[in-house]
**Student:** 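First the structure, which I've put down as structure tokens, then a few questions once you've had a look.
For ligands, and for the atoms within them, numbers begin at 1 and follow the listed sequence.
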Amino acid sequence: MSIYEELGIRPIINASATLTRLGGSLMPPEVIEAMVEASRHFVDLDELQRRVGEELARLTHNEAAYVSAGAAAGLVLATAACITGTDPAAIRQLPDLTGLKNEVIVHKSHRNGYDHAVRQVGVKLVEIGYATGTAPWELERAINERTAAVFWFQGAMTGRGDLPLETVIEIASARGVPVVVDAAAQLPPVENLWRFTQMGAALAIFSGGKDLRGPQSSGLVVGRKDLIEAIRLNGNPNHSIGRPMKVGKEEMVGLLAAVKRYLALDHEARASQDEEVVAGWCAALNQIPGVKAERSFPNEAGQPLPRARVTFDAAQIGLSRDEVVARLAQGTPSIAVALAGADGIYLNPMTLADGEEQVVLDRLLAVLQG
Ligand SMILES: *Cc1c(COP(=O)(O)O)cnc(C)c1O
């Protein structure tokens with residue numbers, strides 16, 4: 001009996017995305033082996049964080065790097081670091097911002113659930129811009145002596161009416177204000193691990209538990225040496241705002257193993273394999289009357305991997321879209337898919353193990369022809 005069956009939990013085939021609520025992603029053997037090995041010995045945690053950080057920085061062509069307890073914890077620590085620097089009194093004072101910088105600038109169009117992690121430090125978000133456009137003067141006027149940082153949430157929501165990231169970096173840097181890029185789900189392309197910081201962003205933050213396939217509770221922060229040092233001081237095991245966001249020795253070496261694997265991966269082969277899966281799904285599903293399947297690109301996070309968008313004519317197939325989704329979830333095995341508009345779903349090969357693409361297709365065909 002599997003550990004999940006014993007608990008009465010049904011494993012799910014994830015044809016949706018690298019969603020935290022489904023478990024993020026699955027760790028490859030080399031990541032698990034590194035974590036198991038790390039679990040066998042005591043080490044000096046602060047020393048390990050520094051060494052792993054050095055390796056991660058070297059591998060990702062950055063000045064410095066830090067392993068956080070997920071990208072969201074990276075957002076908390078990055079915010080704290082931009083406020084306190086390495087000042088021990090300021091670090092101890094958080095989240096009380098009396099006398100400290102207490103504003104973070106963000107495009108109104110970038111507001112999203114994850115900015116709670118930034119607000120958790122007690123700062124006020126100062127919004128700039130409209131969906132129709134943002135003028136450089138809006139950012140210039142928003143910056144003042146209370147500004148700790150400008151946050152940029154890279155993703156599917158960026159680009160519509162925003163200032164270009166280059167402009168944000170230029171304006172903020174000229175005034176000594178760091179730009180922090182939340183790029184949690186912005187892999188692939190692998191080059192994003194150094195692209196934002198090479199553009200001049202002070203820090204870039206990635207989830208370890210999404211496409212990197214590291215530990216689900218890990219995150220990677222890369223960027224400026226002084227800010228990474230400030231993050232380290234604001235983080236575990238120091239008594240600080242980051243103390244509750246503990247990163248274990250296993251997560252640290254697990255993320256390092258995951259990044260090494262990711263850098264060595266044949267990303268072109270991986271993308272063309274996903275294209276083949278999507279093409280195969282579309283060809284089979286388009287045989288069914290009342291079903292239309294087509295390639296959708298880029299993916300939900302705006303990244304360059306394909307999905308299949310499958311729309312249903314409820315009258316013709318005799319099922320609503322929601323009934324199709326429910327039957328996939330309740331069937332054996334249980335399959336999770338993403339919703340597309342009012343009458344469709346997305347099928348995503350990104351999070352499937354080899355062979356699962358056929359299981360997903362067979363189950364969907366069975367539901368549609370049921
Ligand atoms: C997933 C995600 C996060 C959080 O990442 P975790 O590693 O789960 O903490 C933050 N920001 C964005 C935009 C994300 O997509």
**Student:** Taking 4.0 angstrom as the limit, do Arg50 and Asp46 come out as a salt bridge?
**Tutor:**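 Salt bridge present between Arg50 and Asp46.
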
**Student:** Which protein non-hydrogen atom lies closest to atom 5 (O) of ligand 1, naming both residue and atom, and how far is it?
**Tutor:**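 Closest protein heavy atom to atom 5 (O) of ligand 1: Ala71 CB, 3.2 Å.
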
**Student:** Looking only at protein heavy atoms, identify the closest one to atom 12 (C) of ligand 1 and say how far it is in Å.
**Tutor:**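 Looking only at protein heavy atoms, the one closest to atom 12 (C) of ligand 1 is Tyr114 CD1, 3.3 Å.
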
**Student:** Using a distance-only test with no angle check, is there a side-chain donor-acceptor pair under 3.5 angstrom linking Asn62 and Thr60?
**Tutor:**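 Judged by distance alone, the side chains do pair up.
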
**Student:** Between Glu55 and Lys260, does any NZ, NE, NH1 or NH2 come within less than 4.0 Å of an OD or OE carboxylate oxygen?
**Tutor:**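 Salt bridge absent between Lys260 and Glu55.
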
**Student:** Name the orientation class of the two ring planes belonging to Phe206 and Phe196 (parallel below 30°, tilted from 30 to 60°, perpendicular beyond 60°).
**Tutor:**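 Judged by the thresholds at 30° and 60°, the geometry between Phe206 and Phe196 is tilted.
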
**Student:** Only heavy atoms of Ala72, strictly under 4.0 Å: list the atoms of ligand 1 that pass.
**Tutor:**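 So the atoms of ligand 1 that pass are 4 (C), 5 (O), 6 (P), 9 (O).
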
**Student:** What protein heavy atom sits nearest atom 13 (C) of ligand 1, and how far off is it?
**Tutor:**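 The protein heavy atom lying closest is Asp182 OD2, 3.5 Å.
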
**Student:** Which of the numbered atoms in ligand 1 are under 4.0 angstrom from any heavy atom belonging to Gly70?
**Tutor:**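 Those qualifying, in numeric order: 7 (O), 9 (O).
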
**Student:** Checking Asn192 side chain against Leu187 main chain: does a donor-acceptor pair fall under 3.5 Å?
**Tutor:**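 No, Asn192 side chain to Leu187 backbone: no donor-acceptor pair under 3.5 Å.
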
**Student:** Side-chain donor-acceptor pair under 3.5 Å between Ser109 and Asp162, yes or no?
**Tutor:**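 Yes, side-chain donor-acceptor contact under 3.5 Å.
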
**Student:** In ligand 1, which numbered atoms sit nearer than 4.0 Å to a non-hydrogen atom of Ser207?
**Tutor:**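 It comes down to these atoms of ligand 1: 5 (O), 6 (P), 7 (O).
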
**Student:** Give the numbers and elements of all ligand 1 atoms closer than 4.0 Å to a heavy atom of Thr20.
**Tutor:**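 By the 4.0 Å cutoff, the relevant atoms are 8 (O).
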
**Student:** Check Lys210 against ligand 1 and report side chain, backbone, both or neither, counting heavy atoms closer than 4.0 Å.
**Tutor:**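 Lys210 to ligand 1: side-chain contact only, backbone stays beyond 4.0 Å.
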
